[in-house]
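The block underneath contains the structure these notes are about, expressed in structure tokens.
Just so it is clear: chains get the letters A, B, ... in the order the sequence lines come, proteins before strands, and each one is counted from 1. Remember, predicted model here, so these are calculated numbers, not experimental data.
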Amino acid sequence: MNQNMTNLEIAELLRSVAAAFELKNADKNRFRIIAYERAADAVEHESSELKDLWDEGKLKDVPGIGESIAMHLDEIFRTGKSKHLKDVMSGLPKAMFKLMEVPGIGAKTSFKLVKELNISDKNPFNELKKAIKEGKVNNIEGFGEKSASDILQSIEEQKNKSKRILLPYAQRIADEILEWINKDHSVVRAEPLGSLRRKASTIGDIDIAVASKKALQVIEHFCNYPKRVRVLERGERTASIILPSSIQVDLMVQSPESFGSLLQHFTGSKHHNIALREYSIKKGMSLSEYGIKQKGKLLKFKDEEGFYKKLGMEYIPPELREDSGEIEAALQSDIPKLVEIKDIKGDLQIHSDFDIETSHDLGESSMEEIVQKANDLGYEYIALTEHNPSQSGHNKKQFTDILKRKKEKIDKINYSISKDKNKRIQYVFNSLEIDILTDGKLPFDDEVLDILDFALVSIHSSFRKPKDEMTKRVLGAFDHKKVKIFAHPTARLLNERESIELDWPRIFDFCKSNKKYLEIDADPKRLDLPDFLVKEAVDSGVKLSMGTDAHHKNGMDNMIWGISVARRGWTKSSDIINTLSVKEIKKVLLG
DNA sequence: GCCGTTTTCGGCCCGACTGTTTTCAGTCG
């Protein structure tokens with residue numbers, strides 16, 4: 001424990017406390033254990049840092065954190081430790097909490113192993129592995145050959161487990177498995193569910209639901225998937241396999257007349273389902289993957305619409321099912337009509353191969369290829385947004401010359417587009433993605449900027465600066481008249497680089513007052529703004545811009561992933577400037 | 001320990017699978 005614990009560390013602490021309670025008062029108060037686990041979940045789920053919420057006196061606004069836990073956290077943030085939580089965990093070996101990271105090892109198993117084998121805190125995983133190999137584990141009461149070797153395998157898999165899977169890659173893996181599953185003739189329908197169906201930016205496990213009257217046959221077929229490394233479990237209705245890189249695939253089978261309930265159950269999220277079930281209990285209904293039980297009778301649902309309707313709710317799109325207000329909205333028929341890919345009329349961040357003498361990466365496709373691709377996608381407009389020419393080795397005249405050359409080329413393209421009545425595409429914006437320098441300035445002055453139609457700004461260096469300094473830096477650059485869009489605003493790279501720290505409410509206010517726009521960068525390794533900030537931005541009345549950040553014409557197909565983020569952020573088409581017609585967007589960007 | 005669209009007290013989501021047992025505890029999603 002320390003004064004500056006992150007949400008992840010706090011969640012881990014609360015989970016350890018839950019485990020400690022589980023061991024210490026076995027049957028006394030199991031709901032306290034659940035309360036701590038739910039608090040841990042809530043902290044992990046929370047988009048703001050708890051320390052910041054504590055600063056603002058809002059700790060108890062986090063659902064799952066009440067009087068008592070808030071008090072302990074307050075003590076931690078003030079003094080760096082909590083006497084009570086420390087007492088709860090006292091006498092339990094640290095190694096125990098570490099071993100619980102292994103799938104299949106819970107509190108009780110972990111405690112028993114550490115105690116029986118005298119495992120030290122130093123390297124519990126290696127010590128446990130060694131004990132298993134020496135045959136010491138299968139002699140412990142409650143363990144056997146199989147459980148010992150399962151644990152060994154779990155530790156190994158945990159070690160080589162890849163990071164969370166990027167959305168499009170998870171989709172490809174799921175598509176391949178679906179192709180295999182559909183070879184079984186008893187399969188009526190098969191769908192990828194879980195976080196993949198909710199279109200989360202990264203995916204942990206891959207979940208698949210199948211409608212079939214022959215569950216056992218489907219499960220047999222699934223477990224024979226050629227790319228499997230091993231079968232993790234295999235029951236009458238569900239099965240799990242492990243793929244290379246320790247990717248887990250879970251399968252659930254249900255008869256076609258109940259497939260709607262299975263879709264609903266297996267799509268999740270866990271938080272959404274729990275909230276939904278708690279609400280339903282009050283209405284005298286009990287929900288499960290089999291249907292809705294009411295007065296002892298089981299009602300079955302072929303589709304999800306009927307399921308939600310029975311609960312007195314509007315249909316909730318999968319992307320919204322995170323227990324972040326969607327149930328309340330659905331009860332009041334207040335679910336927004338979410339933006340769709342067909343609403344998008346243009347792509348506002350694309351890099352061509354025009355040699356702009358940048359120190360960043362150039363695109364790989366020519367302007368002409370990109371314009372053709374945009375036309376194929378049905379777009380009315382695009383923006384060509386190469387990185388700015390490098391600062392070193394260019395003086396003002398050279399900047400001007402390069403940008404004038406680019407403008408001439410785009411002018412020609414626009415002229416030829418205007419002559420071709422068969423083309424959907426009507427305008428190419430002459431733009432640029434400009435670095436925000438460390439001091440908040442842009443690399444060149446207004447005269448050079450004037451050559452452009454408009455500009456994007458973004459951060460590509462000095463990512464780790466304090467929130468206030470970073471916010472001033474961004475607003476300094478964003479303030480220029482020609483600058484309309486802040487591109488990939490958090491600068492995060494999924495699995496690789498954390499988001500920068502910004503005062504978001506201040507950024508949102510600035511955008512609203514000054515007609516500036518925040519980008520959703522649709523590049524699958526960015527997906528930036530992240531969904532929860534999209535929701536906050538939209539709630540604050542900020543308008544967004546969509547860009548694929550394509551560095552090759554094929555990258556323009558990535559718009560769909562940006563749309564997924566927008567939808568998860570409760571975005572309507574009117575919240576996004578790229579849904580405007582070419583005539584309207586010129587007023588917005590050229591003004 | 002948390003929480004309130006019947007409640008400030010009395011509830012707390014629901015079910016599957018596995019190994020080690022011989023009816024169930026532990027774990028997971």
Point to revise | Test: A/Arg568 and A/Glu322 ion pair at under 4.0 Å | key: yes
Review point. If you check the A/Arg277 side chain, which of B/dC13, B/dT27, B/dC2 turns out closest?
Key: B/dC13
Check your understanding: When you check the gap from the basic side-chain N to the acidic O, do A/Lys227 and A/Glu176 get nearer than 4.0 Å?
Key -> yes
Point to revise | Separation of atom CZ in A/Phe266 from atom C1' in B/dC14, rounded to whole Å | key: 14 Å
Check your understanding: Does A/Lys309 pair with A/Glu305 as a salt bridge, N-O distance under 4.0 Å?
Key -> no
Exercise for review: Could you check which residues of residues 287-300 of chain A get a heavy atom under 4.0 Å from DNA chain B? Sort them by number, please.
Suggested key: A/Leu287, A/Ser288, A/Glu289, A/Tyr290, A/Lys293
**Study point:** Value in whole Å for how far the C1' atom of B/dC14 lies from CD1 of A/Ile34
**Key:** 12 Å
Check your understanding: With a 3.5 Å cut-off and just heavy-atom distances, do the side chain of A/Asp150 and the base of B/dG19 make a donor-acceptor pair?
Key -> no
Check your understanding: What interatomic distance, in whole Å, is found between C1' of B/dT8 and the corresponding atom of B/dC2?
Key -> 12 Å
**Study point:** Rounded distance in Å between the C1' positions of B/dC28 and B/dC13
**Key:** 14 Å
Check your understanding: How far, in whole Å, is B/dC17 from B/dG11 if one measures between their P atoms?
Key -> 31 Å
Review point. With rounding to whole Å, what would you report as the distance between B/dG26 and B/dT20 at their P atoms?
Key: 14 Å
Review point. For residues 276-306 of chain A, which residue pairs qualify under ring pair (Phe, Tyr, Trp, His ring centres under 6.0 Å), counting only residues two or more places apart or in two chains?
Key: A/Phe301-A/Phe307
Practice item. Taking syn as within 90° of 0 and anti otherwise, name the glycosidic form of B/dT6. Key: anti
Review point. Using a heavy-atom distance cut-off of less than 4.0 Å, which residues of residues 220-250 of chain A contact DNA chain B?
Key: A/Glu233, A/Arg234, A/Gly235, A/Glu236, A/Arg237, A/Thr238
Check your understanding: Hey, which of A/Glu37, A/Glu44, A/Glu22 is the one that makes salt bridge (charged side-chain N to carboxylate O under 4.0 Å, His left out) with A/Arg15?
Key -> A/Glu44
Exercise for review: Please round to the nearest 0.5 Å and tell me the distance separating atom CG of A/Asn495 and atom CZ of A/Arg164.
Suggested key: 8.5 Å
Exercise for review: Between B/dC12 and B/dT6, how far apart are the P atoms? Round to whole Å, please.
Suggested key: 15 Å
Review point. Less than 4.0 Å between a side-chain N and a carboxylate O, is that true for A/Lys51 and A/Glu49?
Key: no
Check your understanding: In whole Å, what is the span from the CD atom of A/Gln332 to the C1' atom of B/dT5?
Key -> 10 Å
Check your understanding: Looking at A/Glu156 and A/Lys129, does any basic side-chain N land under 4.0 Å from a carboxylate oxygen?
Key -> yes
Point to revise | Rounded distance (nearest 0.5 Å) linking atom NZ of A/Lys159 with atom CZ of A/Phe125 | key: 11.0 Å
Review point. Does A/Thr6 reach the side chain of A/Glu9, with side-chain heavy atoms less than 4.5 Å apart?
Key: yes
Check your understanding: Would one find a side-chain N or O of A/Lys108 under 4.0 angstrom from OP1 or OP2 of B/dG26?
Key -> yes
Review point. Base, sugar-phosphate alone, or nothing: which one does A/Tyr279 contact when heavy atoms must sit under 4.0 Å apart?
Key: nothing
Review point. Hey, does A/Leu13 have a side-chain heavy atom less than 4.5 Å from the side chain of A/Ile76?
Key: yes
Review point. Rounded to whole angstrom units, what separation is found between the CE atom of A/Met285 and the P atom of B/dT6?
Key: 11 Å
Review point. How long is the line joining CZ of A/Arg30 and P of B/dG11, in whole Å?
Key: 13 Å
Practice item. Answer yes or no: is there an ion pair linking A/Lys81 with A/Glu75, defined by an N-O contact shorter than 4.0 Å? Key: no
Point to revise | Value in whole Å for how far the P atom of B/dA25 lies from CD of A/Glu22 | key: 13 Å
Study note, to complete from the structure: pair_partner(B/dT8), Watson-Crick or wobble, both distances < 3.5 Å, evaluates to none
Check your understanding: Which whole number of Å gives the distance between the P atom of B/dG1 and that of B/dT5?
Key -> 23 Å
Check your understanding: Across the strands shown, which category fits A/Ile274 at heavy-atom distances under 4.0 angstrom: base, sugar-phosphate, nothing?
Key -> base
Exercise for review: Would you mind telling me which of B/dC13, B/dG1, B/dG29 lies closest to the side-chain atoms of A/His265?
Suggested key: B/dG29
Exercise for review: Under 4.0 Å between any heavy atoms, over every strand shown, what does A/Asp205 touch: base, sugar-phosphate, or nothing? Just pick one.
Suggested key: sugar-phosphate
Exercise for review: Strictly below 4.0 Å, heavy-atom distances to any atom of DNA chain B: list the hits from residues 73-107 of chain A, or just say none.
Suggested key: A/His84, A/Val102, A/Pro103, A/Gly104, A/Ile105, A/Gly106, A/Ala107
Review point. Hey, are the side chains of A/Leu529 and A/Val565 touching, using non-hydrogen atoms and a 4.5 Å cut-off?
Key: no
Practice item. Measure from NZ on A/Lys270 to P on B/dG15 and round the result to the nearest Å. Key: 16 Å
Study note, to complete from the structure: Taken to the nearest whole Å, CZ/A/Arg15 to C1'/B/dC28 is 12 Å
Review point. Are any of A/Lys283's side-chain N or O atoms less than 4.0 Å away from OP1 or OP2 of B/dT6?
Key: yes
Review point. Taking the same atom, P, in B/dA16 and in B/dT21, what whole-Å distance lies between them?
Key: 25 Å
**Study point:** Aromatic plane relationship, A/His45 with A/His271 - under 30° parallel, 30 to 60° tilted, over 60° perpendicular
**Key:** parallel
Point to revise | Sorted by number, the residues of residues 134-149 of chain A with heavy-atom contact under 4.0 Å to DNA chain B | key: A/Gly142, A/Phe143, A/Gly144, A/Glu145, A/Lys146, A/Ser147
**Study point:** Pairs satisfying salt bridge (charged side-chain N to carboxylate O under 4.0 Å, His left out), at least one member in residues 256-279 of chain A, at least two apart
**Key:** A/Arg38-A/Glu278, A/Asp41-A/Lys270, A/Lys213-A/Glu257
Review point. If you round to the nearest 0.5 Å, how far is CD1 of A/Ile292 from CG of A/Leu299?
Key: 6.5 Å
Review point. A/Lys282 side chain: which of B/dT7, B/dC13, B/dG26 is closest?
Key: B/dT7
